[in-house]
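Labels below follow one simple rule: chain letters A, B, ... track the order of the sequence lines, proteins then strands, and each chain is numbered from 1.
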Protein chains: 2
Amino acid sequence: MEQTLATNTGAPAPRPESDRAARTRARLQAVALDLFVRQGFEETTVEQIAAAAGVSHMTFFRYFPTKESVAVEDPYDPLLAEAVAAQPASLSAFERVRRGTRDAMAAAPPSVDLETAARIGLMSLTPALRARAWENTNETQRVIIDALVTTGSPRADAVVATGACVGAVMTALLDWGAQADPRPSLGECVVDALDRLDPRRLLAAAEEETS
Amino acid sequence: MEQTLATNTGAPAPRPESDRAARTRARLQAVALDLFVRQGFEETTVEQIAAAAGVSHMTFFRYFPTKESVAVEDPYDPLLAEAVAAQPASLSAFERVRRGTRDAMAAAPPSVDLETAARIGLMSLTPALRARAWENTNETQRVIIDALVTTGSPRADAVVATGACVGAVMTALLDWGAQADPRPSLGECVVDALDRLDPRRLLAAAEEETS
DNA sequence: CCATCGGTGTTAGTAGCTAACATCGGCACC
DNA sequence: GGTGCCGATGTTAGCTACTAACACCGATGG
């Protein structure tokens, strides 16, 4: 009952991993991604991953709750909620999500792309991974919505704005992951997607009709 | 090789079910939903569903490819793509998706809600079902994007517009499914969500800032 | 009256995932 | 410098979702 930080989201205080544990985790993830890329996700068994990493399959599940999680683990999510909450409360919920997400992605280093690109490519062609990715997104959305609501946005607006922005980004990313190689960087893809949701731009396009 | 209709999406022509088969399928679905609601999705085994329906577990899998599919089967999806394609090509991609989806939902009968509400409620509290629902959405999005692109919208616009509208609707629905009982109808929820994405409304809200 | 065929059951197997318990190796503390 | 604790891992056994192969049964039609 003596929680020290408010950022705790319900998990029972995962103590920091030892060096050894961190190395085992990294080895498992690297080996798994390599196998997934080379022979496909469904065609790779957990047993194979564990053997290639020199551990037993139980050790794999001690580090990753599911086979999917090793491919969709994403460290960006908390940053997004933070960036959204940092937007001025005077803006609409939609603009706060849109600009917050855009800022966070524009600030992200463009070098992480290599491994991340492989992961997104895998997702775009593996239904089970797409499903998990969306489910991850769900938690991200919950956090963003909370951030919006606790800083004054009406709940209905927060829900719709978050769903729209996150949905647009995810769909754009999956489309990006399925494309052939001459393509923009991941960050550019996200920023471009969010720019296309600029209300000014949307309204300009909408007004080309009569009335 | 002798396909008769163009609406075939790649599946090998599923012949219409016999009466007996349709009854078995309906019985399985009804029994499954009942068990899911009463004792939870994870806590219900396929064996239990099959037994309660008076068949073997193999018969269950002949009708539903996964345990999740019996809870997330959704007949609305094809209608959406149709409604989007029916929007005038002079509109922006975003407005075509937004209005198409809105029209389709506004036209849907408000009576289907009972069983559908149960299904969405289940989704909102079962991670595995949410994941499947999102994955279903993926196919819907693909169809909508195709419809937009083949009728003149730039691909990037189509992808972002579809992701935003579908994401907003899904998020709103899951939020709706998690709410307590005094709540609007499912159709009203969707229409309200899409109205909140009206570019005019977004811009009005955005302009309350300086510049 | 028999052949066919759709719907179903039986059996056996694979893979993801979990629980219980044993083991091994390093680190702290005396 | 022993010694005991504890974290990381292994072993084993088991459950559940899901699949393949094949046998059966009942209706329908020639």
Would you kindly give the [atom1]-to-[atom2] distance between [X] and [N], to the nearest whole Å?
X: A/Arg25; N: D/dA8; atom1: CZ; atom2: P; result: 11 Å
X: B/Arg20; N: C/dT8; atom1: CZ; atom2: C1'; result: 7 Å
X: A/Glu68; N: D/dA17; atom1: CD; atom2: P; result: 16 Å
X: A/Arg132; N: C/dC17; atom1: CZ; atom2: C1'; result: 11 Å
X: A/Arg27; N: D/dT9; atom1: CZ; atom2: C1'; result: 11 Å
X: B/Phe64; N: C/dT8; atom1: CZ; atom2: P; result: 12 Å

May I have the list of side-chain donor-acceptor pairs in residues 154-161 of chain A shorter than 3.5 Å, sequence neighbours left out?
unit_1	atom_1	unit_2	atom_2	d
A/Arg155	NH2	B/Asp175	OD1	2.6
A/Asp157	OD1	B/Arg196	NH1	2.9

Flag the pair [X] and [Y] as a salt bridge only when some basic side-chain nitrogen lies within less than 4.0 angstrom of an acidic carboxylate oxygen.
X: A/Asp146; Y: A/Arg142; value: yes
X: A/Glu135; Y: A/Arg132; value: no
X: A/Arg99; Y: A/Asp103; value: no

Using the side-chain heavy atoms of A/Thr24, tell me which of these nucleotides is nearest: C/dG7, D/dA17, D/dT9.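 Closest nucleotide to the A/Thr24 side chain: D/dT9.
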
Would you call the rings of A/Phe61 and A/His57 parallel, tilted or perpendicular, taking 30° and 60° as the class edges? perpendicular

Could you check A/Thr24 against A/Arg62 for side-chain hydrogen bond (donor to acceptor under 3.5 Å, both in side chains), going step by step and ending with a plain yes or no? CA-CA 11 Å; A/Thr24 303; A/Arg62 284 203 181 91; over 6 Å; no

Intermediate values then yes/no, side-chain hydrogen bond (donor to acceptor under 3.5 Å, both in side chains), A/Gln29 and A/Glu115: CA-CA 11 Å; A/Gln29 187 151 28; A/Glu115 182 185 290; 4.8 Å; no

Quick one: does B/Thr151's side chain have a donor or acceptor within less than 3.5 Å of a partner on B/Leu148's backbone?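 It does hold such a pair.
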
Listed in order of residue number, which residues of residues 28-45 of chain B have a non-hydrogen atom at under 4.0 Å from DNA chain D?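 DNA chain D contact set from residues 28-45 of chain B: B/Thr44, B/Thr45.
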
Close residues, residues 47-63 of chain A, relative to DNA chain D [heavy-atom separation under 4.0 Å]: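 Heavy-atom cutoff 4.0 Å gives A/Gly54, A/Val55, A/Ser56, A/Met58, A/Thr59, A/Arg62, A/Tyr63.
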
